Protein chains: 2
Amino acid sequence: MKKTIFVFGILIIALLSLFQLSSYSIMAGDLSSEVFIAITAIIFLILGFWLQKRRKERTIQPKPAPIDSEKISELGITDREHEILVKLSEGLSNKEIGETLFISESTVKTHLSNLYSKLNVKRRTQALQQAKKLHIL
Amino acid sequence: MKKTIFVFGILIIALLSLFQLSSYSIMAGDLSSEVFIAITAIIFLILGFWLQKRRKERTIQPKPAPIDSEKISELGITDREHEILVKLSEGLSNKEIGETLFISESTVKTHLSNLYSKLNVKRRTQALQQAKKLHIL
DNA sequence: TGCGGTTTGGTACTTTCGTATGATAGGAAA
DNA sequence: TTTCCTATCATACGAAAGTACCAAACCGCA
């Protein structure tokens, strides 16, 4: 809301400035009114372009659905657990996850078991589905 | 490309019309130049707004990424296999898939094995990742 | 310094998954 | 009609995954 007021303020000021400038210049005979109209056209064309771009960017934001850090901590999921969840989504086996993170397969299993109970699921595929649903992945 | 030319043509014509109008009116003393500048500003602000909106809508189109039926047949994946793939993405076990589709677990395994070789993967989690990558899901 | 959470690891056991192989049946195409 | 594809199911075996329970080391905080 504040931004809207600010933008409109700028617009009004810009318009008034142009009026002043045009009055002076035309009276002084420096420039023709056509030039001012052209300048005004260009400036406001760009301004409209820019404003719409801003607006679009803001409304489009919630599309990619980024990871929801709040949800993660809300569910009590630790960093390590989430790290393993990411590897899970890459289709790695427990053994492979262990190898890439330099820990034993046992540890991976432990983390996964804890993760499953926190996500309230029973299988890794369910965990993936749930994680995507909760925007944790 | 044709549209660009068309739009610029319209713009130039609009500007020239404004010039003509302004010349007549100012000479006739009907309207002040300020009014014309204001009108120009509004028109081109809206125009810029509209143009950017059009542009955004076009560039944003390829976002949703739906299922690629071509890819499916290209890989030789049958309807039944894809059906099972969908159930897989819902986190169901082989047994559960069999129950929802009214077939035995053995059959599910057979379909999945075939699916894995077609997707060139070894595990169900990899199949999910690959399927999403290929826009099959 | 002790408590609680995190990370790590192990053993033992059950369940699920994946592969191999073979078999039957229906439908479409040659 | 024979062949090919799809879908169905079974058995058997090995490989992953998952569960339960336990334990040690570390770290921050009260």
Side-chain angles (χ1 to χ4, degrees), chain A residues 67-134 136-137, chain B residues 67-134 136-137:
Chain A
I67 52 168
D68 188 347
S69 308
E70 270 189 54
K71 205 87 194 177
I72 293 173
S73 55
E74 189 185 319
L75 293 169
I77 294 170
T78 67
D79 290 354
R80 202 54 163 171
E81 284 162 1
H82 187 264
E83 205 174 352
I84 286 171
L85 179 60
V86 172
K87 298 294 177 188
L88 198 66
S89 73
E90 292 168 5
L92 301 185
S93 67
N94 292 348
K95 196 178 176 185
E96 287 167 344
I97 294 171
E99 282 164 3
T100 61
L101 296 180
F102 305 108
I103 56 179
S104 81
E105 195 188 338
S106 302
T107 309
V108 176
K109 284 187 180 183
T110 308
H111 285 313
L112 279 178
S113 274
N114 294 331
L115 195 57
Y116 294 160
S117 67
K118 284 169 185 175
L119 288 175
N120 197 29
V121 297
K122 295 211 166 299
R123 279 181 286 284
R124 47 178 53 214
T125 46
Q126 281 186 332
L128 289 177
Q129 195 215 12
Q130 187 70 358
K132 263 153 205 157
K133 191 176 166 188
L134 299 173
I136 284 174
L137 269 182
Chain B
I67 54 167
D68 188 347
S69 309
E70 272 188 52
K71 204 88 193 177
I72 293 173
S73 54
E74 188 185 319
L75 293 170
I77 294 170
T78 66
D79 290 354
R80 201 56 161 167
E81 283 162 2
H82 187 264
E83 205 174 351
I84 286 170
L85 179 61
V86 172
K87 297 295 178 189
L88 198 67
S89 73
E90 290 168 6
L92 301 186
S93 68
N94 292 348
K95 196 178 175 184
E96 288 167 343
I97 294 172
E99 281 163 3
T100 61
L101 296 181
F102 304 108
I103 55 178
S104 79
E105 193 187 340
S106 302
T107 309
V108 176
K109 283 187 180 183
T110 307
H111 286 312
L112 278 178
S113 274
N114 294 331
L115 194 58
Y116 295 159
S117 66
K118 284 170 186 175
L119 288 175
N120 198 30
V121 298
K122 294 211 165 298
R123 278 181 287 284
R124 47 178 54 214
T125 46
Q126 282 186 331
L128 289 176
Q129 194 214 14
Q130 187 70 0
K132 264 154 205 156
K133 191 175 165 188
L134 298 173
I136 285 174
L137 269 181

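The sequence lines fix the lettering, A, B, ..., with proteins before strands; numbering per chain opens at 1. Because the structure is a prediction, the values reported are computed rather than measured. Computed from heavy atoms alone, side chains included, the values below leave out hydrogens, waters and symmetry copies.
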Touch class at under 4.0 angstrom, heavy-atom based, for A:S113 against every strand present: base
First of B:I84 and A:R124 reached from the 5' end of DNA chain D, by closest nucleotide: B:I84
Nearest-angstrom distance from the residue atom CD of B:E81 to P of D:dT8: 10 Å
Side chain proximity check, A:N120 to A:Q130, heavy atoms < 4.5 angstrom: no
Spacing of B:R123 atom CZ relative to D:dG14 atom C1', expressed in whole Å: 15 Å
Distance, nearest 0.5 Å, that separates CD1 of B:I84 from OG1 of B:T78: 8.0 Å
Donor-acceptor contact present, side-chain A:E96 to main-chain A:L92, <3.5 Å: no
Separation of atom CG in B:N114 from atom C1' in D:dA7, rounded to whole Å: 10 Å
Residue B:H111, side-chain atoms from C-beta onward, closest of D:dT8, C:dT19, D:dG18: D:dT8
Polar side chain donor-acceptor pair, A:T107 to A:T110, under 3.5 angstrom: no
Nearest heavy atoms of B:N94 and B:V108, plus distance in Å: O-CG2, 3.8 Å
Terminal axis angle for the helix from C:dT1-D:dA30 to C:dA30-D:dT1, five pairs an end, nearest 10 degrees: 40°
Value in whole Å for how far the P atom of D:dT11 lies from CD of B:E105: 12 Å
Minimum-distance nucleotide to A:L112 side chain [options: C:dG10, D:dG18, C:dG18]: D:dG18
Touch class at under 4.0 angstrom, heavy-atom based, for A:T107 against every strand present: base
Sugar-phosphate only, base, or nothing, as touched by B:S93 at under 4.0 Å among non-hydrogen atoms: sugar-phosphate
Least distance between heavy atoms, B:R80 atom then B:H111 atom: CG-NE2, 3.7 Å
Atom of B:I67, atom of B:L137 and distance for their closest heavy-atom approach: CG2-C, 3.9 Å
Candidate nucleotides C:dG18, C:dG10, D:dT19, ranked by approach to the side chain of B:N94 - the nearest: C:dG18
Residue A:S106, side-chain heavy atoms: nucleotide from C:dT7, C:dG10, D:dG18 that is nearest: C:dG10
Exercise: identify the closest heavy-atom pair between A:Y116 and A:R124: OH-CB, 3.3 Å
Atom-to-atom span, CG of A:L101 to P of C:dT7 - whole angstrom: 12 Å
Gap between atoms CD and C1', on A:E96 and D:dA17 respectively (whole Å): 13 Å
Rounded distance in Å - NZ (B:K109) to P (D:dT11): 12 Å
Of the listed nucleotides C:dG18, C:dT7, C:dG9, the one nearest the side chain of A:D79: C:dT7
Nucleotide C:dT16, atom P - distance to NZ of A:K122 in whole Å: 10 Å
Sugar-phosphate only, base, or nothing, as touched by B:T78 at under 4.0 Å among non-hydrogen atoms: sugar-phosphate
